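Read the numbers this way: they start at 1 and go in the same order the structure lists the ligands and their atoms. Note that the coordinates shown come from a computational prediction; the quantities given were computed from them, not determined experimentally. Keep in mind that the numbers below use all heavy atoms, side chains included, and drop hydrogens, waters and symmetry copies.
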Amino acid sequence: MYLDKFKLTGKVAVVTGAGRGIGLATVEALAEAGATVVLTDMNQDLLTVSTVALHDKGFNVDSEQLDVTDVAGVQAVHDAIIARHGQVDILVNNAGIAISNHPAETMADEVWNKVIDVNLNGLFWCCRAFGRSMLERGSGSIVNIGSMSGFIVNRPQEQANYNASKAAVHHLTRSLAAEWGARGVRVNAVAPTYIDTEMNKYVYQDPDMYRHWVGGTPMDRLGRPDEVASVILFLASDASSLMTGSIVLADGGYVCW
Ligand code: NDP
């Protein structure tokens with residue numbers, strides 16, 4: 001009975017920013033649990049390579065190019081997926097960017113706006129478009145990717161734009177959970193620590209930064225994409241049926257200190 005709750009057989013899931021990193025691991029986790037998964041990413045080359053690789057592994061996958069900041073594009077991709085698959089049961093809002101090492105007092109307008117536009121506005125456009133059709137069906141599970149940066153201020157890098165965007169994602173998650181809870185749509189978030197993805201590769205060239213990141217983590221290491229994907233699988237599935245509005249830390253203990 002309990003393991004069955006993790007199964008996603010017959011469900012359709014959509015993952016944004018799915019071409020690589022945490023998004024790609026999430027596609028594999030959801031597909032392994034039995035879902036048909038639609039990968040979306042703004043990078044078409046990455047999307048093609050990743051979709052073909054997962055298809056060759058035997059997973060039921062499909063893809064659509066999507067820049068989440070394109071509000072009309074979000075609705076168009078939603079409509080295309082519904083036309084092809086009939087429904088969307090799970091939405092994972094993973095697309096996100098960091099533009100770090102910009103002190104607040106000299107941060108350029110475009111550096112602030114770009115991060116807010118992808119991480120917050122884009123995530124909201126997706127919640128709104130997909131949430132609407134989930135509400136019509138009276139069922140759905142949305143998982144947003146927040147960050148421990150929505151709880152703490154990272155150091156030594158200055159990134160007020162990113163930290164503010166992720167704190168906003170957490171509170172947007174609670175707001176939507178409250179609005180949609182009685183109508184069958186759950187909305188939760190995962191808040192990861194530093195994960196070893198392309199986004200963070202620069203840390204290997206900066207021993208001081210690496211020392212801060214790993215030294216500040218009780219588990220004494222970076223996380224892996226699959227360790228976030230398994231939490232996302234839990235939140236997407238009926239195994240978390242009583243949870244909505246939760247922000248689940250997957251942080252190796254980082255916020256303990
Ligand atoms: P990656 O940079 O490895 O992958 C992100 C993917 O999203 C890329 O394929 C990227 O495409 C795509 N993307 C970027 N902008 C857009 C957009 N506007 N529309 C659609 N797709 C887009 O990131 P991670 O896997 O590391 O991060 C995934 C999520 O997890 C993000 O929301 C991030 O903030 C969050 N997170 C990451 C942590 C980490 O330490 N890595 C820690 C905490 C949270 P392209 O290749 O073209 O840039």
Side-chain angles (χ1 to χ4, degrees), residues 14-29 38-51 53 63-74 76-77 91-100 113-127 129 143-154 157 159 161-170 172-173 189-204 209-210 212-214 216-217 221-229 231-232 235 247-252 254-255:
V14 175
V15 181
T16 68
R20 67 180 190 206
I22 295 169
L24 182 56
T26 300
V27 174
E28 186 150 354
V38 185
L39 291 80
T40 72
D41 200 291
M42 68 176 195
N43 185 330
Q44 181 62 59
D45 292 344
L46 212 54
L47 197 55
T48 303
V49 169
S50 298
T51 306
S63 69
E64 280 282 342
Q65 186 174 20
L66 175 65
D67 176 344
V68 296
T69 65
D70 172 7
V71 64
V74 168
V77 163
L91 169 68
V92 180
N93 281 308
N94 165 78
I97 59 168
I99 310 179
S100 304
N113 283 333
K114 177 79 188 156
V115 170
I116 297 295
D117 204 25
V118 177
N119 294 6
L120 179 58
N121 296 341
L123 182 140
F124 178 67
W125 310 142
C126 293
C127 285
V143 184
N144 295 327
I145 313 307
S147 173
M148 68 174 182
S149 309
F151 291 98
I152 53 91
V153 174
N154 305 68
Q157 74 275 29
Q159 49 176 38
N161 50 357
Y162 185 83
N163 300 343
S165 75
K166 292 300 184 177
V169 165
H170 295 174
L172 175 61
T173 299
V190 182
T193 181
Y194 297 110
I195 307 298
D196 198 359
T197 66
E198 280 305 311
M199 180 184 272
N200 288 331
K201 287 291 181 234
Y202 73 97
V203 78
Y204 292 110
M209 182 92 69
Y210 186 85
H212 270 95
W213 289 14
V214 172
T217 310
R221 65 176 175 86
L222 304 181
R224 299 186 312 269
D226 67 280
E227 294 178 297
V228 182
V231 180
I232 295 169
L235 290 174
I247 318 299
V248 181
L249 276 162
D251 71 339
Y254 194 97
V255 308

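Val68 has its side chain out of reach of Thr40: every pair of non-hydrogen atoms, C-beta onward, lies at least 4.5 Å apart. Two residues are said to be in side-chain contact when any heavy atoms from C-beta on lie closer than 4.5 Å; Thr217 and Trp213 fail this criterion. Annotation: side chain of Leu66 is in contact with side chain of Val74 (closest heavy-atom distance under 4.5 Å). Between Leu39 and Val15, the closest side-chain pair of non-hydrogen atoms is not below 4.5 Å. Taking 4.5 Å as the limit, every side-chain heavy atom of Asn200 sits out of range of all side-chain heavy atoms of Leu222. Between Asn121 and Thr69 the shortest side-chain heavy-atom distance does not fall below 4.5 Å. A 4.5 Å side-chain heavy-atom check between Leu47 and Gln65 finds at least one atom pair inside the cut-off. With a 4.5 Å cut-off on side-chain heavy atoms, Asn144 and Leu172 do not count as touching.
At a 3.5 angstrom cut-off on N or O pairs, Asp67 counts as close to ligand 1. Note: no N/O pair closer than 3.5 Å links Gly19 and ligand 1 by distance alone. Residue Val118 has no nitrogen or oxygen atom sitting less than 3.5 Å from a nitrogen or oxygen atom of ligand 1, judged on distance alone.
Closest heavy-atom approach to atom 28 (C) of ligand 1 within the set Thr197, Val92, Val169, Asn94: this belongs to Asn94. Scanning Thr193, Val15, Asn200 for the heavy atom closest to atom 42 (C) of ligand 1 points to Thr193. Closest to atom 48 (O) of ligand 1 by heavy atom, among Arg20, Gln44, Lys114, Glu198, is Arg20. Of the candidates Thr40, Asp41, Ile97, the one placing a heavy atom closest to atom 11 (O) of ligand 1 is Asp41.
Listed by number with element, the atoms of ligand 1 under 4.0 angstrom from any heavy atom of Gly21 are 25 (O). Atoms of ligand 1 lying under 4.0 Å from any heavy atom of Ser147, numbered from 1 in the order shown and given with element: 43 (C), 44 (C). Taking every non-hydrogen atom of Tyr194 and a distance limit under 4.0 Å, the qualifying atoms of ligand 1 come out as 40 (O). Per-residue contacts place Asn43 under 4.0 angstrom from the following atoms of ligand 1 (heavy atoms of the residue considered): 46 (O), 47 (O). Near Ala95, with a cut-off below 4.0 Å to any heavy atom, the atoms of ligand 1 are 20 (C), 21 (N), 22 (C), 32 (O). In the vicinity of Leu46, heavy-atom distances shorter than 4.0 Å reach the ligand 1 atoms 9 (O), 46 (O).
The protein non-hydrogen atom at the shortest distance from atom 19 (N) of ligand 1 is Val68 N, 3.0 Å. For atom 17 (C) of ligand 1, the nearest non-hydrogen atom of the protein is Met42 SD, 3.5 Å. Closest to atom 20 (C) of ligand 1, if we only count protein heavy atoms, is Leu66 O, 3.2 Å. In this structure, atom 30 (O) of ligand 1 lies nearest to the protein heavy atom Ile145 CG2, 3.3 Å. Protein heavy atom in closest approach to atom 23 (O) of ligand 1: Met199 CE, 3.8 Å. For atom 25 (O) of ligand 1, the closest non-hydrogen atom on the protein side is Ile22 N, 2.9 Å. Given atom 34 (O) of ligand 1, the protein heavy atom at minimum distance is Tyr162 OH, 2.7 Å. Regarding atom 7 (O) of ligand 1, its nearest protein heavy-atom neighbour is Gly17 CA, 3.4 Å.
Distances from ligand 1 to the non-hydrogen atoms of Gly146 include at least one value under 4.0 Å.
Within the 4.0 Å heavy-atom criterion, the part of Lys166 lying near ligand 1 is the side chain and not the backbone.
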- Message: Using the rule given for side chain to side chain contact (heavy atoms under 4.5 Å, CB included), can you reason through Val190 versus Ile22, listing the C-alpha separation, both sets of side-chain angles and the distance that settles it, and then say yes or no?
- Response: CA-CA 11 Å; Val190 182; Ile22 295 169; over 6 Å; no
- Task: Carefully, step by step, assess Lys201 and Asp196 under the rule side chain to side chain contact (heavy atoms under 4.5 Å, CB included).
- Result: CA-CA 7 Å; Lys201 287 291 181 234; Asp196 198 359; 3.1 Å; yes
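Side-chain contact check for Tyr254 and Asn154: no donor-acceptor pair (N or O, by modelled atom type) lies under 3.5 Å. Asp117 and Asn113 are not linked by any side-chain donor-acceptor pair at a separation below 3.5 angstrom, with hydrogens and angles left out of the test.
The aromatic rings of Phe151 and His170 lie tilted to each other, with the angle between the two planes from 30° to 60°.
Heavy atoms only, all atoms of each residue included: Ser100 and Gln159 are closest at OG-OE1, 2.7 Å.
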